[in-house]
Structure formats: C-alpha cells, structure tokens
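Residue indices begin at 1 and follow the sequence shown.
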Amino acid sequence: MTLRGCKMNIRQDADAALRFLVFIDNPAMDKLTLYIKDSNNNTLHKEDLQADSPRFVARYNLENLEDGAYTFEVRNGKNKLEKAVDIRTQMQVSRVVSLD
C-alpha cells in the first residue's frame with residue numbers, strides 16, 4: 001500500500017548488528033505512526049511521528065529481542081507501509097585438531 005508518496009527504508013547500523021536506521025520520506029507531511037511488531041502482531045513499540053518535516057530518521061536497537069520475525073509498520077490511519085526484519089542466531093562450529 002502507499003501513503004501519498006511516503007517511502008520507508010531500513011538499514012542496518014554499521015556499528016552494531018541489531019541496530020537499525022529507519023528513514024521515512026513523508027512529502028505530504030501527513031501525521032504518521034510508527035509501530036514495531038512481532039510475528040504475533042503484538043506491538044512492541046509505538047511512536048507518533050512529527051508531521052512538521054518531510055523526512056524522519058531514527059535509530060532503533062533490537063538487540064534485546066529474541067530470534068524471530070519483526071515488522072516496522074508506518075500508518076496514516078487507514079493505509080500502511082511495512083518492512084520486515086528477521087533476527088536469527090547463527091552458531092558456527094569449528095573443529096580443532098592438536099597433535100602431541
């Protein structure tokens with residue numbers, strides 16, 4: 001869905017694996033609300049965004065969340081934009097051999 005020209009982009013912060021930069025372009029300067037939701041549609045974070053600027057930028061830390069699927073959602077009342085983020089722990093096993 002579109003929000004009158006709104007665009008949302010999410011980038012991983014270069015300094016930390018589970019910190020994300022969220023960029024929202026809002027050329028119509030609509031009143032928007034940002035949600036971060038889990039895979040069960042539970043709202044983990046809700047934030048009303050200022051409508052006095054055509055661009056919103058913020059950093060969000062997801063380090064304390066468990067592995068799973070999460071969604072950044074922006075709404076203007078009836079329409080929404082969504083971006084999915086999956087958090088997965090990867091374990092690397094390395095085998096070492098030593099000889100006497």
Side-chain angles (χ1 to χ4, degrees):
M1 285 186 176
T2 60
L3 295 175
R4 295 190 335 145
C6 278
K7 294 179 184 175
M8 178 171 42
N9 188 14
I10 299 176
R11 291 189 209 148
Q12 214 168 351
D13 193 334
D15 296 332
L18 292 176
R19 291 189 188 143
F20 297 89
L21 292 168
V22 176
F23 302 88
I24 300 170
D25 291 322
N26 182 14
M29 297 196 336
D30 290 333
K31 182 180 177 190
L32 302 176
T33 304
L34 173 87
Y35 298 87
I36 300 174
K37 296 185 174 188
D38 65 14
S39 59
N40 294 319
N41 208 34
N42 295 313
T43 299
L44 306 176
H45 178 77
K46 178 184 174 187
E47 182 174 350
D48 292 324
L49 307 183
Q50 297 296 323
D52 59 357
S53 174
R55 180 147 191 163
F56 172 82
V57 179
R59 178 175 284 129
Y60 295 93
N61 183 347
L62 305 184
E63 289 179 352
N64 293 326
L65 297 180
E66 296 180 7
D67 286 3
Y70 298 90
T71 304
F72 284 84
E73 181 180 295
V74 175
R75 291 179 169 260
N76 71 348
K78 55 186 173 183
N79 295 319
K80 66 182 175 179
L81 291 173
E82 294 180 323
K83 294 282 185 178
V85 174
D86 286 322
I87 298 174
R88 301 277 178 247
T89 301
Q90 293 183 340
M91 302 293 285
Q92 183 176 6
V93 177
S94 55
R95 298 172 79 190
V96 178
V97 174
S98 62
L99 298 172
D100 290 329

Test item: [X] side-chain N/O and [Y] main-chain N/O as donor-acceptor pair under 3.5 Å:
X   : Y   : value
Q12 : A17 : yes
N40 : N42 : no
D67 : T89 : yes

Between [atom1] on residue [X] and [atom2] on residue [Y], distance to nearest 0.5 Å:
X   : Y   : atom1 : atom2 : result
I87 : E66 : CD1   : CD    : 10.0 Å
T71 : N41 : OG1   : CG    : 8.0 Å
L62 : R19 : CG    : CZ    : 10.5 Å
K7  : R55 : NZ    : CZ    : 10.5 Å
E73 : K83 : CD    : NZ    : 13.5 Å
F72 : I36 : CZ    : CD1   : 4.0 Å

Going through the distances and angles, do Y60 and L34 end up as a side-chain contact (heavy atoms from CB on, under 4.5 Å)?
CA-CA 12 Å; Y60 295 93; L34 173 87; 3.0 Å; yes
Counting only heavy atoms from other residues, nucleotides and ligands, does the tally under 6.0 Å from CZ of R88 exceed 12?
yes
Applying a strict under-4.5 Å side-chain criterion to I, L, V, M, F, W and Y, I'd like to know whether I10 and L18 cluster together.
yes
Single-linkage hydrophobic cluster, 4.5 Å side-chain cutoff, V85 and Y35 together:
no
Does the pair L65 and L44 meet the rule for a side-chain contact (heavy atoms from CB on, under 4.5 Å), with working shown?
CA-CA 10 Å; L65 297 180; L44 306 176; 4.1 Å; yes
Go through the steps for C6 and L81 under the test side-chain contact (heavy atoms from CB on, under 4.5 Å), then give the verdict.
CA-CA 8 Å; C6 278; L81 291 173; 3.8 Å; yes
Just do the side-chain contact (heavy atoms from CB on, under 4.5 Å) check on L32 and F56 with the steps written out, would you?
CA-CA 10 Å; L32 302 176; F56 172 82; over 6 Å; no
